[in-house]
Amino acid sequence: VAALGLHVPSTAHSGVLGTSSLAARVAVPSRALSPALTSRPQVQRALQALTLTLEKLQEVKGRMLEALEQGLSQQSRAPSTVRMLPTFIRSTPDGTEEGDVLVVELCQSHVRTLWVTLTGDGNQSPQLLYRVFGMPGDVPRGSGEALFDFIAQCVKSFLEEIGSPQHRLPLGFVFPFSCRQTGLDKAELISWSKGFQCSDVEGRDVVQLLQAAISKQELYHVDVVALLNNTVGTMMTCSTREKPCEIALVVGSGTNCCFMAESHLLEMAEVTSGRMCVNSEWGCLGDDGALDDVLTPYDHRVDQESSNPGERRFEKLVGSLHLGEVVRHAMLMLASEQALFARRNTSILATRDVLTTQQVLEIMDNEDGMAKAQGMLEALGLQPSERDCCRVQQLCRAVVSRAAALSAAGLAAVLSHVCHSRELEHLEVSVGVDSGLYRTCARFGEILRSVVGLLAPECTATLVPSTDGSGLGAAMVTAVALRLAAQRHKVERLLAPLRLSRADLERVQALMRQEMERGLDRESNAESSLRMLPTYVCHTPDGTERGEFLALDLGGTNFRVLVVRVGQDNIHMTSDIYVIPTAIMQGTGEALFDHIIECIEDFQMKQELMGQVLPLGFTFSFPCQQLGLDKAVLLNWTKGFSASGCVGQDVVQMLRDAAQRNQRVALKVVAVVNDTVGTMMACGYHDPKCEIGLIVGTGTNTCYMEERAKVGTVEGDEGRMCINMEWGAFGDNGCLDNIFTSFDQLVDEKSINAGRQRFEKLISGMYLGEIVRHILMALVEEQVLFRGKPSHKLQNKDIFQTKFLSTIETPGLALLQVQGILRSLELDASFEDSVLVQEVCQTVSLRAAHLCAAGMAAVVEKMRESRGLEQLTITVGVDGTLYKMHPHFSQNLQQMLRELAPRCDVTFLQSEDGSGKGAALVAAVACRGAEPSSLQ
Ligand code: ADP
Ligand code: MG
């Protein structure tokens, strides 16, 4: 019984095979030969040697997988037999490709030229014109120059024949030899094979050689855009709009496989995002001995008689070039043992190629294979008996089945690798197949499919036969290259205004500095976009603060109430978060403050603080004109607040009034501070060098300790005072207009405070997602994203949250997860779309971090100068979820700050629970030395 060629059950071996339940599952009964006919032990042995158990195939798969992975990794100690050559093809066709493309394909004995017109219709009906030019026999072994001249002449006469236009013509070159590629149009020939041996080509760039030869023919408008081998061509032909094909299997005279690999695994290619097609060159598996336990004596003879002994061992087991030869050697050896053609003259079997692969396939046939065998063997003068014919038929089946099973083992390795590297539990994929064996021999296909299913059960591979092998594929590659180049151009044009140069950032820094000076000066304060508000906080904590305080934190995403106990060596806090409904944020001021008092009441009840009147620090993170530590007039709302009747009022007074109305809550408000100040104070408790506070959360802002002498808006010259810059408003007077992009304009126009907080709108959490959303819409409009398909979901304001940037930019994140996020927004993102969205997010968050660095550089440089220092060492206390959660924001900020302010040594200290604790500490510093109860 030939059970799919996997094993030949016989009494002698049934014990071994019986242990394999997997093997049993593939063992479908075929038209069995009666045991009597196969009983000769020599024949049994021959068949058994040619038959691989499922366990052995598992091992071959494992070795292929190992070789693939070793080939991908440049760092691996020993070079892999399987080379895994990068092809620089980073995209499969998506069906939007259009235009005229010229292809020239170098084949075994001819050159084929094609003219392909793609119409952008999903590659349903590409128009094809082609011509085949026979190659003179001496060309493959002549000079390289003669070879390329010949190819260029073919191109020239083809173009003359079809009367091609003179406009620029992109050309794709199918060159089926191992090349070391460094670009789509840069490929050095590693070594010739398949009987080619032209001089002066190995080690040289074959694209350049072809381009030079084409120029010699005065075809100056023909531009070699892409080089690819036939395997890659097959993958590209089998891609459709609905289903990209990401793996190709070639089993022709040779064998090879290529697939779309994760770029970050491809150390050789030095690209880290997205995918790239790698040409495995898997025919060389086993050249290091890895297949020795699979090879039979017949395989050794075939190898020794070949033109490249010891090389391409896997190919010699699988490629159709050698199948006839393996059968011939098996017959020859069995004949010498008298197990076949007994007592006949079999010397004819010593002649190479007397049995072709084609004949092997015909003999295999169930219907008239026996007759074919008889005819063929008779023609060789072997006078076969019926038994001889049967045995030869079995040999043919075994050899072809083995080829199918081995290609399946190889393909299973690739499938498992792809599945694993994409972190999938299940992979569904189309595999393009260019194979004469697959096309003509049903049995080959059956075995291929069933063995792949058994060896890679986690994958579902749909085998797609390629119709016009590599020529059309080359046209696709060329067209894809053109499409990508055109798209790249559009993307670059769109993103260019968001990419700020070092000079741009230096200008921003200088402007920030100028606006700081103007804001501090009593005369020019009104013209500056920076308010530079005095806070009346004149000291950072010194560690002697003690006591129990109440703190409020309003102005962030959450409203919080805290009780803070400042002890000898530690601060203990308990807090509760309360929600401020949008209706209250945007209702009346009275309702807002009544709500706040109710929250305090609730908190005091829960904490059993009713009746105690603790000193209270109030973090109020909106721009205020401060008239004293406990007196702050609201200048304007930001960050989505708009409660009426508050602007121009003292917020401490509003809080006290609300407490009066409530009557159950008594307050002793000691200090009102901005969240930047709170953050600085909280970090200052741990690090005395902390004299700057920075927030990058919903909004952005900074405060720092300024020399009082420089603060023109407050009396007194002694010591320092913390200045709340309100830097979110930087640029509101037009000074940043030249860096705003059209996307920034849109975000601003659609906000509730158009024209205000312009710097903040470039940097903070409330806006980054919106900027990205507007860019994505523009990219859709430009037809470079989501295939230009407009998304209704994307039209919704704030649908693209800033936290998505953090996720999407997470290093090492599988693109599948990016796709997942986009899918959750009902955005049907392809793999390439995901890469592009990632790039957009990176561009937007990098700009934000760099602008923040430019602002901070102005601050630290000013402090350094006004303190008359050569070098300033200082700490910035930072708070804000964007700063804390974004994977690159803080590094990008710090690195650019080092460049922009090289004479300042700046440490960033993240505040834990900053603004609440800070408010308590401001109160504590104010109470320093005094008994808290003696205040007021
Ligand atoms: P606030 O500044 O209001 O006090 P946060 O510092 O917590 O509050 O910042 C909240 C903002 O942070 C949100 O507006 C949101 O845009 C942004 N954000 C939330 N999660 C993330 C995240 N994972 N990565 C980046 N930004 C985030
Ligand atoms: Mg906050």
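Atoms within a ligand are numbered from 1 in the order they appear, just like the ligands themselves. Since the model is a prediction, treat every value here as computed from it, not as a measurement.
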Atoms in ligand 1 flagged as close to [X], the criterion being non-hydrogen separation under 4.0 Å:
| X | result |
| --- | --- |
| Gly880 | 6 (O) |
| Gly765 | 16 (O) |
| Met885 | 22 (C), 23 (N), 24 (N) |
| Gly697 | 2 (O), 6 (O), 9 (O), 11 (C) |

ask   = Which of these passes ring-ring contact (aromatic ring centres under 6.0 Å, His included) with Phe759: Trp727, Phe740, Tyr767?
value = Trp727
Step-by-step salt bridge (charged side-chain N to carboxylate O under 4.0 Å, His left out) determination, Glu770 to Lys750 = CA-CA 10 Å; Glu770 273 296 279; Lys750 306 237 146 82; over 6 Å; no
task = Answer yes or no: does an N/O atom from Lys803 fall short of 3.5 Å to an N/O atom of ligand 1?
result = no
inquiry  = Side chain or backbone, does His886 bring an N or O within less than 3.5 Å of an N or O on ligand 1?
reply    = no
Presence of salt bridge, [Y] and [X], under 4.0 angstrom:
| X | Y | answer |
| --- | --- | --- |
| Lys793 | Glu826 | yes |
| Glu545 | Lys917 | no |
| Arg823 | Asp828 | yes |

task = Out of Thr807, Asp798, Thr698, Leu554, indicate the one that has the non-hydrogen atom closest to atom 13 (C) of ligand 1.
result = Thr698
ask   = Once the angle between the rings of Tyr883 and Phe908 is folded into 0 to 90°, is it parallel (under 30°), tilted (30 to 60°) or perpendicular (over 60°)?
value =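 Parallel: the ring planes of Tyr883 and Phe908 meet at under 30°.
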